[in-house]
Protein chains: 2
Amino acid sequence: MNPAMSKKTGAKAPRRGRPAMSDAKKEEMKALIAKTAQQLFNEEGYAEISMRRLAQEIGCTPMTLYNYYGGKLDVLQTLWGSVFDDLFRALDALHPEKDPAKYLTTLSTAYVQYWLQHTDHYRLVFMAEGVTQPEVSIFLDNPDIIARFMIFGDALSNASKHGLDQDQLKLKLDLLICVLHGIAHNHITISGYPWSSPDDLVRVAIDGLLAA
Amino acid sequence: MNPAMSKKTGAKAPRRGRPAMSDAKKEEMKALIAKTAQQLFNEEGYAEISMRRLAQEIGCTPMTLYNYYGGKLDVLQTLWGSVFDDLFRALDALHPEKDPAKYLTTLSTAYVQYWLQHTDHYRLVFMAEGVTQPEVSIFLDNPDIIARFMIFGDALSNASKHGLDQDQLKLKLDLLICVLHGIAHNHITISGYPWSSPDDLVRVAIDGLLAA
DNA sequence: CTATTTAAATATACGCGTATAATATATATG
DNA sequence: CATATATATTATACGCGTATATTTAAATAG
């Protein structure tokens, strides 16, 4: 709570003391922190970069970071949010086609290609060391994230020839996401192996899913 | 490596210096550490108990613990091993019956009952805070642990009327373990809800699995 | 009994994330 | 221009797990 603000009773009279940082300035600082953190986390790994190191790179002291973020994990979760924003912005840009099955395939292919073309993002989100399961769950429980995956649910529902009840839809959606991740994960982490084309793998997976 | 031992070239001649602690003494100390840790971890949670606190309870200094264990996580993983020893000792004591399906049900019921009767063990193994996924995976990748779950694989194979190939067996085994854990987990963590009898739930699950 | 040697235990130190206290800065007031 | 005040930043401190250095203990040699 800001007592000075409450004293003002809404009137913007001048008042003493150092003025609070403007929202624009705050966002600028948060963005700088996030950008520097992403760069360092990508280069050297989340666990390897300390708050002291991050602050040093930015040119402030460690405790300054806590004015803008709740803590080290908060910085990482913010980067996760940015990555998902980026990803879903790309997916939302795909226009639904006449053929629902074709659109689902296009969407799924784009999802896998996003991770293949942004392996840094993939490692940051799915392979950060020293992160506990509850820390991941808290992030994923955000209704925003779950809602965004419904673009796949909607596409899947439209592409299914038979009506799917909610349980069936959820099962197939879960399976779809698992398969797409499997394709992306294997191509990224076992890249030396001569995998089938990711686009082909996605197509076969969608065909099988719709036929099931 | 122990250079003094290598100097002796196998002959047990007296030699200078403080003698190494006997294996029996070492095991005694390891057991004391494990027992005290289990008690404290059960009472207050793994993350809440520091190595300093554990040492204090035992009556030594923190660095002494490192003579017997690789670190804090090593202590926890040793406790996990003890719990699985206890569990599988109970399961191995069950004699296979003439009816393979009945034996599978008995075995599965015993598995669930073990966790229900040892909720402390369940929380220690499955609900320790501050443990990362790789730390769990390293423990579970131990061939001993995986091999011990094959008692269920064998029972399931014997109880199946149709021959199962390896993929089918693995799928059903994975499903069985997931279901049994679901039963145990819900009874332990949502214990206020009036669940159906765990024995009944196990029976229905096995019937369904064998009929699939 | 003293000196030497080896192992066990302890003391000290380190960097970590972050809590708390102190200082610097940017404003208004007189 | 000096003072007062509110905020932003920095300095200091804490407990953590654990690396490293030092001390203590337990033995043998002479």
Side-chain angles (χ1 to χ4, degrees), chain A residues 1-8 11-26 28-30 32-33 37 40-41 44-56 58-77 129-132 135, chain B residues 1-8 11-23 25-30 32-33 37 40-41 44-56 58-77 129-132 135:
Chain A
M1 190 187 65
N2 190 335
M5 291 301 290
S6 67
K7 271 183 203 160
K8 275 179 173 181
K12 280 182 179 160
R15 58 178 188 78
R16 289 191 185 201
R18 181 171 176 167
M21 183 176 275
S22 69
D23 284 349
K25 267 284 194 189
K26 266 185 183 173
E28 185 184 329
M29 187 59 180
K30 286 176 72 94
L32 173 61
I33 293 171
L40 292 173
F41 291 166
E44 302 180 43
Y46 169 72
E48 301 314 310
I49 300 299
S50 63
M51 293 295 263
R52 284 166 175 82
R53 170 73 191 286
L54 177 55
Q56 186 187 13
I58 288 161
C60 63
T61 61
M63 294 324 300
T64 297
L65 303 177
Y66 291 83
N67 290 330
Y68 300 94
Y69 287 92
K72 192 185 185 191
L73 181 66
D74 189 25
V75 177
L76 181 64
Q77 289 178 330
E129 315 88 357
V131 180
T132 67
E135 287 165 349
Chain B
M1 190 188 66
N2 189 336
M5 291 300 290
S6 66
K7 272 183 202 161
K8 277 182 174 180
K12 280 179 178 163
R15 58 175 190 80
R16 289 191 186 202
R18 182 171 176 167
M21 185 176 273
S22 70
D23 284 349
K25 267 285 193 186
K26 265 182 181 173
E27 290 309 314
E28 184 183 332
M29 186 60 181
K30 286 176 72 93
L32 172 62
I33 293 170
L40 292 172
F41 292 167
E44 304 180 41
Y46 170 73
E48 300 315 308
I49 300 298
S50 64
M51 294 295 264
R52 285 167 175 78
R53 170 73 191 287
L54 177 56
Q56 186 187 13
I58 288 162
C60 63
T61 62
M63 294 323 301
T64 297
L65 303 176
Y66 291 84
N67 290 332
Y68 301 94
Y69 286 92
K72 191 184 185 191
L73 181 67
D74 190 24
V75 177
L76 181 65
Q77 289 179 330
E129 315 88 356
V131 179
T132 68
E135 288 165 349

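Only heavy atoms go into these numbers, but all of them, side chains included; no hydrogens, no water, no symmetry mates. Residue numbering restarts at 1 for every chain, and letters A, B, ... go by the order of the sequence lines.
Remark: B/Thr61 is in phosphate contact with C/dT10, judged by side-chain N or O atoms under 4.0 Å from OP1 or OP2. Within the structure, a side-chain polar atom (N or O) of B/Tyr68 is placed less than 4.0 Å from OP1 or OP2 of C/dA9. OP1 or OP2 of C/dA9 lies within a sub-4.0 Å distance of a side-chain N or O belonging to B/Asn67.
Here C/dG17 presents its P atom at 13 Å from CD of A/Glu135, a figure rounded to the nearest Å. Going from atom NZ of A/Lys25 over to atom P of D/dT9 covers 9 Å, rounded to whole Å. Note: NZ (B/Lys26) to C1' (C/dA8) measures 10 Å, nearest angstrom. The nearest whole Å value for the distance from the CE atom in A/Met21 to the P atom in D/dA8 is 6 Å. The interatomic distance linking A/Arg18 (CZ) with D/dT7 (P) rounds to 11 Å, in whole Å. The CD-P distance, from A/Gln56 to D/dT9, rounds to 18 Å in whole Å. Rounded to a whole Å, the CD1 atom of A/Ile58 is 11 Å from the P atom of D/dT10. Spacing between atom CG of B/Leu32 and atom P of C/dA9 amounts to 12 Å, rounded to whole angstrom units.
The shortest heavy-atom contact between B/Ile58 and B/Leu32 is CG2-CD2, 3.9 Å. Annotation for B/Val75 and B/Ala37: closest pair CG1-CB, 3.6 Å, computed over non-hydrogen atoms. For the pair A/Leu65 and A/Cys60, the tightest heavy-atom approach, listed with the atom from each and the gap, is CD2-SG, 4.2 Å. A pairwise comparison of heavy atoms in B/Gly71 and B/Met51 identifies C-CE, 3.9 Å as the closest pair.
Comparing atom distances between the A/Tyr66 side chain and each of C/dG17, C/dT27, D/dT18 picks out C/dG17 as nearest. Between C/dT18, C/dA7, D/dT7, one nucleotide has an atom nearer to the side chain of A/Arg15 than all others, and that is D/dT7.
A donor-acceptor pair under 3.5 Å is formed between the side chain of A/Lys72 and the backbone N or O of A/Tyr46. Remark: side-chain polar atoms of A/Tyr68 are not paired, donor with acceptor, to backbone N or O of A/Lys26 under 3.5 angstrom. No donor-acceptor pair under 3.5 Å is formed between the side chain of A/Glu135 and the backbone N or O of A/Gln77.
If B/Arg16 and B/Gly59 are placed on DNA chain C by their nearest nucleotide, the residue sitting closer to the 5' end is B/Arg16.
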Close N or O pairs between protein and nucleotides 12-16 of chain C (under 3.5 Å):
residue: C/dC16; atom: OP1; partner: A/Ser50; partner atom: OG; Å: 3.2

